[in-house]
Amino acid sequence: MARFSGSYDETFTVSAPRDVVRNHFSSLDAIIANYGPIERVDKIGDDTLKFLIQEKQSRGVRYQGRYTCKYTVESDSRMSWRTLSEDNMWSTGSAEFREVAGGTEVRYSQRMETEIGVPRLLAKFAKGIVGREISAGIAAYLGRMRAACPTK
C-alpha cells in the first residue's frame with residue numbers, strides 16, 4: 001500500500017461571536033452536513049464520527065476511505081481532532097478562535113493521510129496529484145463550513 005498525504009491551513013474571519021463559531025465548527029451535525037461525499041457516517045458518542053467515504057475510481061484504481069475521528073473542544077478558543085482507528089485514512093488538525101472587531105478569526109489547520117493499493121511505480125507518479133486532491137478536498141470542506149456558519 002502506498003501512503004499519500006495532504007494538508008491545508010487557512011486563517012479567516014467569520015462575522016459571528018467566538019462561541020457561535022466554535023460551536024459550529026465542533027458540531028458533529030455540522031461536520032456531517034458539510035463533509036462532502038460520504039457513503040455512511042456513524043456518531044459514536046458525543047465527540048466521535050466513523051466515516052465511510054464514497055468510493056472513487058480513477059485509472060483502474062478503486063478507493064474507499066474509512067476512518068474514525070474524535071473531535072475535542074479544548075478551551076473557549078481551541079478545538080482539535082485526531083483519528084482513533086487503524087483504517088486507511090488518518091486526520092489530525094486544529095482550529096483556533098480569536099475574537100476580533102466584527103467577529104471571530106479562525107486559524108484552521110488540517111492534515112490527512114491515506115493508504116491506497118497502487119503499484120509502486122504509479123505511487124511515485126500519483127503522489128503529487130493525490131496530495132493536491134486531498135488538500136483541495138479539505139479546502140472545499142472548510143469553505144462549506146464557513147458558508148454554513150451562523151452569524152448570531
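All values below come from the heavy atoms of this structure, side chains included, with hydrogens, waters and symmetry mates left out.
- Within the structure, side chain to side chain donor-acceptor pair (under 3.5 Å) contacts touching residues 128-142 (residues at least two apart or in different chains) are Lys56-Glu133.
- Between Ser5 and Arg111, some side-chain heavy-atom pair lies under the 4.5 Å cut-off.
- Under the side-chain hydrogen bond (donor to acceptor under 3.5 Å, both in side chains) criterion, Arg98 pairs with Glu105, sequence neighbours left out.
- Looking only at distances, no side-chain donor or acceptor of Thr83 sits under 3.5 Å from a matching main-chain atom of Ser85.
- Evaluation of the side chain to side chain donor-acceptor pair (under 3.5 Å) test over residues 22-34, restricted to residues two or more places apart or in two chains, returns Asp29-Lys43.
- Tyr35 and Arg144 make their closest contact through O-NH2, 2.6 Å (heavy atoms, listed as atom of the first residue, atom of the second, distance).
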Starting from the C-alpha separation in whole Å, work towards a yes-or-no answer on side chain to side chain donor-acceptor pair (under 3.5 Å) for Glu39 and Gln64.
-> CA-CA 9 Å; Glu39 184 171 309; Gln64 187 164 36; 2.8 Å; yes

Validation: residues 10-17 side-chain donor-acceptor distances under 3.5 Å, sequence neighbours left out:
unit_1 : atom_1 : unit_2 : atom_2 : d
Glu10  : OE1    : Tyr8   : OH     : 2.7
Glu10  : OE2    : Arg146 : NH1    : 2.7

List the steps, then state whether side-chain contact (heavy atoms from CB on, under 4.5 Å) holds for Thr48 with Leu84.
-> CA-CA 9 Å; Thr48 305; Leu84 300 176; 4.0 Å; yes

For side chain to side chain donor-acceptor pair (under 3.5 Å), just list the numbers for Ser77 and Arg18, CA-CA rounded to whole Å, side-chain angles, deciding distance to a tenth of an Å, and then say yes or no.
-> CA-CA 8 Å; Ser77 60; Arg18 183 178 65 187; 4.8 Å; no

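- Ile44 is listed as a side-chain neighbour of Thr68, based on a closest heavy-atom distance under 4.5 Å.
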Run the side-chain contact (heavy atoms from CB on, under 4.5 Å) check on Asp9 and Tyr108 step by step: do they pass?
-> CA-CA 6 Å; Asp9 301 285; Tyr108 186 93; over 6 Å; no

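- Within the 4.5 Å cutoff, no side-chain heavy atoms of Ile38 are placed close to those of Gln54.
- In this structure a side-chain-to-backbone donor-acceptor pair under 3.5 Å is missing from Thr104 to Val21.
- Every side-chain hydrogen bond (donor to acceptor under 3.5 Å, both in side chains) that Ser91 has, sequence neighbours left out, goes to Trp81, Gln110.
- Here Glu96 contributes atom CD and Met79 contributes atom CE; the two are 11.5 Å apart, rounded to the nearest 0.5 Å.
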Kindly determine whether Tyr63 and Met89 satisfy side-chain contact (heavy atoms from CB on, under 4.5 Å), including the steps that lead there.
-> CA-CA 11 Å; Tyr63 172 75; Met89 283 183 77; 2.9 Å; yes

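- Judged by distance alone, the side chain of Asp87 and the main-chain N or O of Gly65 form no donor-acceptor pair under 3.5 Å.
- With a 6.0 Å cutoff to the six-membered ring centre and a 45° limit on the axis angle, Arg82 does not count as a cation-pi contact of Trp90.
- Contact of the Phe25 side chain with the Phe97 side chain is registered, since non-hydrogen atoms from C-beta on lie closer than 4.5 Å.
- Pairing each heavy atom of Asn88 with each of Thr114, the nearest pair is O-OG1, 2.9 Å.
- Between Tyr67 and Phe51, the ring planes lie parallel to each other; the angle is under 30°, not in the 30° to 60° tilted range.
- For Asp42, the side-chain hydrogen bond (donor to acceptor under 3.5 Å, both in side chains) partners two or more places apart in sequence, or in a different chain, are Arg40.
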